[in-house]
Protein chains: 2
Amino acid sequence: MVVSKVRQWTTAMEGGGMCPQRLVLEHVTSRWGVLVLLALDERSFRFGELRREIGGVSEKMLTQTLQTLERDGLVHRDAKPVIPPRVDYSLTGLGREASALVRSLAEWTERRLGEVEQARTGYDEIRAAASSG
Amino acid sequence: MVVSKVRQWTTAMEGGGMCPQRLVLEHVTSRWGVLVLLALDERSFRFGELRREIGGVSEKMLTQTLQTLERDGLVHRDAKPVIPPRVDYSLTGLGREASALVRSLAEWTERRLGEVEQARTGYDEIRAAASSG
DNA sequence: CGGGATCCTCACAGATACTG
DNA sequence: CAGTATCTGTGAGGATCCCG
């Protein structure tokens, strides 16, 4: 289990760089990356369709996210040379693996959300009491 | 499987807010959050010790990350009232669950890193060829 | 040694306008 | 419809000082 060595994920980040594993992880867990993976896991989408499905994402960010994930080999882009342009996005095998893991994390978050919020309440109460007393 | 509805993760984010699940996910997968969880999964750490272990993290960001994770109930903070101060950090049960999932994602990233980099090379070559010809 | 308060900055997110 | 190019702000993240 190589990843048990935290150093591997931390070293070699001088100069603004970052270890390559972290980069992939960042892409997959990025704000829109997560939503793209979850959406495309259901079915393929056209660009505008995906944009509406996700909601609240700008064209620029969706384009950027899709390009990053396509470059990483997680998303397949199928551009049909027609007028008007039609581009379909879907997951590759690699993308489906990633989306499954992201989904695990997302589902865990949903399951434990209550406990997390409870912990927050407790934390805030202690802090509030400490600052007032 | 509630999370299959992407809309749930996207709606209600007007005003800069974000659905609460996403917030927890952000904390857990944040730049330093990941490293903190992976490190504390091995053993407990003192503040400075953890800072050296992770490497490249500023005091401010480590403090902030630890506070966020503590507030979410993932990290336990044990401050001993001695001079000089001694504070030990460890994972809670919830934190261990989270770290396990993060570790899954991290390990997947390591396993597939080769394929991802290969995909990138292919992607870049096509783009380079397209822009030059 | 741990961490709060403050200041700075730059990378990234969003809006807009334009192209094929 | 699916992008690209450009401008701008915002805030995450880093450096520094200070205190218990």
Side-chain angles (χ1 to χ4, degrees), chain A residues 10 13-18 22-23 26-27 29-36 40 44-71 75-90 123 126-127 130-131, chain B residues 10 13-18 22-23 25-36 40 44-71 75-90 123 126-127 130-131:
Chain A
T10 62
M13 47 175 302
E14 299 90 56
M18 194 182 291
R22 283 274 359 220
L23 269 182
E26 295 279 335
H27 298 166
T29 64
S30 70
R31 173 158 194 193
W32 303 117
V34 171
L35 301 180
V36 166
L40 291 184
S44 72
F45 279 90
R46 296 184 59 179
F47 183 87
E49 205 181 20
L50 183 56
R51 184 161 179 238
R52 265 170 270 129
E53 171 74 11
I54 291 181
V57 60
S58 65
E59 287 183 14
K60 177 190 165 185
M61 290 316 299
L62 184 56
T63 301
Q64 187 175 300
T65 302
L66 285 168
Q67 282 174 351
T68 302
L69 294 178
E70 187 198 355
R71 193 172 106 97
V75 161
H76 174 67
R77 180 174 182 274
D78 183 19
K80 276 135 185 153
V82 296
I83 303 293
R86 177 188 177 99
V87 183
D88 286 284
Y89 291 94
S90 56
Y123 182 90
I126 289 175
R127 282 201 120 206
S131 66
Chain B
T10 62
M13 46 176 301
E14 299 90 55
M18 195 182 291
R22 283 276 357 221
L23 268 182
L25 191 59
E26 295 279 334
H27 297 166
V28 165
T29 64
S30 70
R31 173 157 194 191
W32 304 116
V34 170
L35 301 180
V36 166
L40 292 184
S44 72
F45 280 90
R46 296 185 59 179
F47 183 87
E49 203 181 21
L50 183 56
R51 185 161 178 239
R52 279 185 298 275
E53 171 75 9
I54 290 181
V57 60
S58 65
E59 288 181 12
K60 177 189 165 186
M61 288 316 298
L62 184 56
T63 300
Q64 187 175 302
T65 302
L66 285 168
Q67 282 174 350
T68 302
L69 293 178
E70 187 198 356
R71 192 172 106 99
V75 161
H76 174 66
R77 180 174 182 274
D78 183 20
K80 277 135 186 153
V82 296
I83 302 293
R86 177 187 177 99
V87 183
D88 286 283
Y89 290 94
S90 56
Y123 181 90
I126 288 174
R127 282 201 121 206
S131 66

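Just so it is clear, the values below take in all heavy atoms, side chains as well, and ignore hydrogens, waters and symmetry mates. Protein chains get the first letters and strands the later ones, always in sequence-line order, with residue 1 at the start of each.
With rounding to the nearest 0.5 angstrom, the OH atom of B/Tyr89 is 10.5 Å from the NE2 atom of B/His76. How far CG of B/Leu35 is from CD of B/Glu53: 10.0 Å, rounded to the nearest 0.5 Å. How far CZ of B/Arg77 is from OG of B/Ser44: 14.0 Å, rounded to the nearest 0.5 Å.
Comparing D/dA2, D/dA15, D/dT4 by their closest approach to the side chain of A/Val87 singles out D/dA2. The side chain of A/Lys60 lies closest to C/dG14 when the candidates are C/dG14, D/dA2, C/dG2. Of the candidates D/dG14, D/dA2, C/dG3, D/dA2 carries the atom nearest the A/Arg77 side chain, counting heavy atoms from C-beta on.
Residues B/Val28 and B/Val34 are not in side-chain contact: their nearest non-hydrogen atoms beyond the backbone lie 4.5 Å or more apart.
Residues satisfying the side chain to side chain contact (heavy atoms under 4.5 Å, CB included) criterion with A/His27, sequence neighbours excluded, are A/Leu23, A/Thr68, A/Leu69, A/Asp72, B/Arg120. Not counting sequence neighbours, the partners of A/Asp78 by the salt bridge (charged side-chain N to carboxylate O under 4.0 Å, His left out) test are A/Lys80. For B/Arg71, the salt bridge (charged side-chain N to carboxylate O under 4.0 Å, His left out) partners two or more places apart in sequence, or in a different chain, are A/Asp124.
Contact annotation for A/Gln67: backbone-only contact, meaning every heavy-atom pair under 4.0 Å involves sugar-phosphate atoms and none involves a base.
Of all the residues in residues 78-86 of chain B, B/Pro84, B/Pro85 reach under 4.0 Å from DNA chain C with at least one non-hydrogen atom.
OP1 or OP2 of C/dG14 sits under 4.0 Å from a side-chain N or O of A/Trp32. Contact annotation: B/Arg46 reaches the phosphate of C/dG2 (side-chain N/O to OP1 or OP2, under 4.0 Å). Note on B/Arg51: every side-chain N or O is 4.0 Å or more away from OP1 and OP2 of C/dG2. Within the 4.0 Å cut-off from OP1 or OP2 of C/dG3, at least one side-chain nitrogen or oxygen of B/Tyr89 is found. Distances shown here put a side-chain N or O of A/Gln64 below 4.0 Å from the OP1 or OP2 atom of C/dA13.
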Distance-only donor-acceptor hits, side chain of residues 60-67 of chain B, under 3.5 Å, sequence neighbours excluded:
unit_1  : atom_1 : unit_2  : atom_2 : d
B/Thr63 : OG1    : B/Glu59 : O      : 2.8
B/Thr65 : OG1    : B/Met61 : O      : 2.7

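Pairs of Watson-Crick or G-U wobble type, with distances under 3.5 Å, assemble into runs of 3 or more in DNA chain C at these ranges: C:1-20 with D:1-20.
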